[in-house]
Amino acid sequence: MARYNPKDVEPRWRAAWARDDVFRARNDDPRPKYYVLEMFPYPSGRIHMGHVRNYAMGDVVARYRRAQGYAVLHPMGWDAFGMPAENAAMERGVHPKGWTYENIAAMREQLKLLGLSIDWSREFATCDPEYYGQQQAWFLKLLDRGLVYRKEATVNWDPVDMTVLANEQVIDGRGWRSGALVEKKKLTQWFLRITDYADDLIEGLGSLDRWPDKVRLMQENWIGRSRGLRFSFDFAGDAPNGFETGLEVYTTRPDTLFGASFVAIAPEHPLAAQMAAADPKVAAFVAECRRGGTSEAEIEAADKLGLDTGLRVVHPFVPGQTLPVWIANFILMDYGTGAVFGCPAHDQRDLDFARKYDLPVLPVVLPADADAATFMVGGDAYTGPGTIFRSGFMDGMSVEEAKAAAVDRIEGMGKGKGATVYRLRDWGVSRQRYWGCPIPVIHCPKCGVVPTPADQLPVILPDDVTFDRPGNPLLRHPTWRHTTCPRCSGEAERETDTLDTFVDSSWYFARFTNPESADPIDKAAADRWLPVDQYIGGVEHAVLHLLYARFVTRALKDEGMLSVSEPFAGLFTQGMVTHETYARQTGEWIEPTQVVLEAEGATRRATLAETGESLIIGDIEKMSKSKKNVVAPEEIFEQYGVDAARLFVMSDSPPERDVQWTTGGVEGAGRFVQRVWAEFDNDAAAATQTDARGDELRRMTHKTIKAVTESVEQFRFNSGIAKLYEFLNVLKGFQSSDGSVAEARSEALSVFARLIAPFTPHLAEACWSRIGGEGMIVDAAWPVFDPALAVDSEMVLPVQINGRRRSEIRVAQGAGEAEVREKALADETVSVHLEGLTVRKVIVVPGRIVNIVAG
RNA sequence: GGGGACGUGGCGAAACUGGUAGACGCAGCGGACUUAAAAUCCGCAGCCGCAAGGUGUGUGGGUUCGAGUCCCACCGUCCCCACCA
């Protein structure tokens, strides 16, 4: 018997799959389709364990569906534009293009080692002109439809990457890549009108029943729909210039209008700007507000600041009552109208502000158990339900009734309208970077913004650029941006901004259906394959990529290029690969490969291999270079084999949860691979008769088929793998030398090989070949579960007395309740425990349990 | 501040719609093989107890014949959003 040598066996099977081109998906394949996709990687140059886990999971699904007879599309590509390539260019003087394609080549080789069932013929990178040129084509169609526009806006400026960031890319006031504090800057930028689809994007979530609730909720919160009232206050006395129709505010609490004691506007509000121009005191205040940062800590610490403008507005419901207009630092210009009315009694921010500046606090919502005469608001605003009081026509109404009544009244007065407001902003897609898809428009001094004519696409990035200075290389290229206007043939300039790389990844799944198409999307191919049946990736894209992709899919559908609204019918968000960290007493991180671990009972010790120096065992964290807790996949493949690595990252934790990489764990997986092979290699078929022992094995076989199938269907790979371990342990007890089980055993081996094939495909091929399976296992059908063969003839029922397990009885399958009851009461151990007690009740749950209630 | 998820052995974790808690793996312990070690194989193992038995799924209550699972309160950890009117 030879030891199984993955280094020898695995490459052979990969070569065999490639030789037969087994994973190529054909658009004219008549079988039902199944599209499996994992979020495509950024070509950093090296794969890491996170990739191994992500792509192994997708491969399990793809191979399982293939075995079930689906026409499976499982493609791979590269999310290849972006900052790291430019950083490399600046740091090491390499060209982003060369750097990127070299990384792709290196990573492709590493990914291929994984033995994934990928159709490599469809591979592309988003930085291929054939891809981004098509992106430019649909971008111009959206421009034509008015879904793309240009405006001056205050944007998030990352001073390190020297580019604009979308709101989604600002985390706690810092750039998501650079970590630099983001600044506010006014720039003319390109936007995609995602807000046009805000409602539809929320509605659509309802149909995504195979998405995690968490992600749907995050998207819903991100879009942030709120219903309220938009209305205008008239000014008392002369209205400022441009505000003749009043000061417009937005509120979700029109029911509290009688409790209003001030109106506040944002420091960036046009009215504030106008007053600042005339009054240095106002100007100074506005400047002070602008200084505050936007990070969490700064907002937490920031005091409410306000300045009374001296202007007053008229209360819409109370004749003669006026309210002061303040400029306040806590009002956001880009939400609602940038102005609110303050009702301190029922809003905490308004209350804090009112207490600071000594403004009236007027309760108008009375909690159920409070007394109207004595109810007061102290330091906490009351935001709960209740009855409206001190509010004229709304008195006695509930909060909800009053909201509707106030909206009706304001609408009747012609002062405003019920309105829906979203937190979601339009998607700013301009990036002042080189390594991205050029925005295909031309700026003509006479004609304005002119789309690049279709026959001049793609607008290709020039290769001859320099990175010796920060900023956008396209802007300082000597010739690239100079062109002629397609309309008037006069001198004109190309747009030098490039598109946010999230645009690239918002439609690649559609391009995979026919990457060769002369149009952006081959509609027939897209109709054939979309939506993606199972999409797999990290939860960090819950609101970025996944929201953008849903939006672009809708926009392209409205353009007639796609038929689906939702690109991903099923979504799975997988957890990360983590590793324990080790550090010297000095705090210096130490790589796992240099650490020796020992255990004494429950105590674990780590020492430095070289010196024996005692190390600190730190937290378990996501593998990262900075903590030095990374394990290189290639070294693991070399040492234990690809299958062992794939098996381990899926076996130890539920797929949605983080998995902790341990040497012991992967060694265990490697041992299992060896034991599986030994079991197959040992097998020598003998006689073929089957008896009770054979039936017992057959029952186990069919129970395992059921369990593993369900595990794969429900993304519980860890449980499925555990069942396979168990199956192997049982199988060992049924050797072919025991002639009576030979037939059942050969069925068991055949089933085992096919069940494990999605997880450890190389090993499965070797086993299949060893038992003389027909063809390759990639083409073998998934085993079929036969319930009749899984039924035990006898079963063991636990017997409880007063809910405590005391004994167990053996009964025939399907035994009647009376028989079970009788047998339970007759049981010897049961009688002992029942001594001195009276049986009051016996509960028999068929096939489950017996509980005797006695006292 | 708002929203959400989760708390099970030394560790990662199982447990279908309420029905034998801890499957499977890691680490551990014992044994076989070996001159020895490694590897491999066989076995033990929640905790307390020699045993009988007791006890046990973050804490405290509740519903139920029966609760890891359902309900209430609390404690803790993690994630998302955040001066969003």
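Every chain is numbered from 1 and lettered A, B, ... according to where its sequence line falls, protein lines coming before strand lines.
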Kindly compute the distance separating [atom1] ([X]) from [atom2] ([Y]), expressed to the nearest 0.5 Å.
X	Y	atom1	atom2	answer
A:Glu679	A:Leu731	CD	CG	4.5 Å
A:Glu580	A:Trp661	CD	CH2	14.5 Å
A:Met700	A:Phe727	CE	CZ	6.5 Å

Of all the choices, [options], which nucleotide is nearest to the side chain of [X] once you look at every atom?
X	options	value
A:Leu217	B:G4, B:C65, B:A85	B:G4
A:Lys841	B:C65, B:C79, B:A85	B:C65
A:Asn221	B:G3, B:C81, B:C83	B:G3
A:Arg671	B:U40, B:A82, B:C24	B:U40
A:Arg423	B:C41, B:U20, B:C81	B:C81
A:Asp652	B:A23, B:G12, B:A85	B:G12

| message | Below 30° counts as parallel, above 60° as perpendicular, anything between as tilted: where do the rings of A:Phe680 and A:Phe752 land? | response | tilted
| message | Parallel, tilted or perpendicular: which one describes the rings of A:Phe233 and A:His315, with boundaries at 30° and 60°? | response |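 Ring orientation, 0 to 90° scale: perpendicular.
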| said: Tell me whether the side-chain N/O atoms of A:Tyr250 come closer than 4.0 Å to OP1 or OP2 in B:A85. | reply: no
Counterpart base for [N], defined by Watson-Crick or G-U wobble contacts under 3.5 Å:
N	answer
B:C83	none
B:G28	B:C44
B:U69	none
B:C50	none
B:U77	B:A5

[X] has an atom [atom1]; how far is it from atom [atom2] of [N], in whole Å?
X	N	atom1	atom2	result
A:Asp334	B:A85	CG	C1'	13 Å
A:Arg225	B:C81	CZ	C1'	18 Å
A:Ile809	B:U20	CD1	P	14 Å
A:Leu424	B:A82	CG	C1'	16 Å
A:Ile620	B:A13	CD1	P	9 Å
A:Arg805	B:G54	CZ	C1'	15 Å
A:Leu837	B:C65	CG	P	18 Å
A:Trp661	B:C26	CH2	C1'	13 Å

Please state the [atom1] separation for the pair [N] and [M] - nearest whole angstrom.
N	M	atom1	value
B:A52	B:U8	C1'	28 Å
B:U64	B:A13	C1'	29 Å
B:G19	B:C71	P	15 Å
B:A82	B:C11	P	36 Å

| In terms of base orientation, is B:G49 syn or anti, with the syn window spanning 90° either side of 0? |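 Anti.
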| said: Between A:Arg253 and A:Asp347, does any NZ, NE, NH1 or NH2 come within less than 4.0 Å of an OD or OE carboxylate oxygen? | reply: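 Looking at A:Asp347 and A:Arg253, the cut-off is not met.
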| query | With a 6.0 Å cut-off on ring centres, are A:Phe262 and A:Phe341 close enough? | reply | no
| Any chance the rings of A:Phe717 and A:Phe715 have centres within less than 6.0 Å? | yes
| Is a donor-acceptor pair below 3.5 Å formed from side chain A:Lys304 to base B:C83, judging by atom type as modelled? | yes
Would you classify [X] as touching base, sugar-phosphate or nothing, given that sugar-phosphate means primed atoms plus P, OP1 and OP2, and contacts are heavy atoms under 4.0 Å?
X	value
A:Arg840	nothing
A:Gly668	sugar-phosphate
A:Arg216	nothing
A:Asp213	nothing

| request: Applying salt bridge (Lys or Arg N to Asp or Glu O under 4.0 Å), run through A:Asp334 and A:Arg425 and close with a yes or a no. | output: CA-CA 9 Å; A:Asp334 53 1; A:Arg425 316 274 196 275; 3.4 Å; yes
| query | Using a cut-off of 4.0 Å between protein heavy atoms and nucleotide atoms, how would you tag nucleotides 14-19 of chain B 5' to 3' with B, S and -? | reply | SSBB-B
| field | A:Ile331 or A:Val539, whichever maps to the more 5' nucleotide of RNA chain B | value | A:Val539
| Does A:Phe330 or A:Ser651 map to a spot on RNA chain B nearer the 5' end, using the closest nucleotide for each? |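 Looking at RNA chain B, the more 5' nearest nucleotide goes with A:Ser651.
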| With a cut-off of under 6.0 Å to the ring centre and 45° to the axis, is A:Lys304 in cation-pi contact with A:Phe353? | no
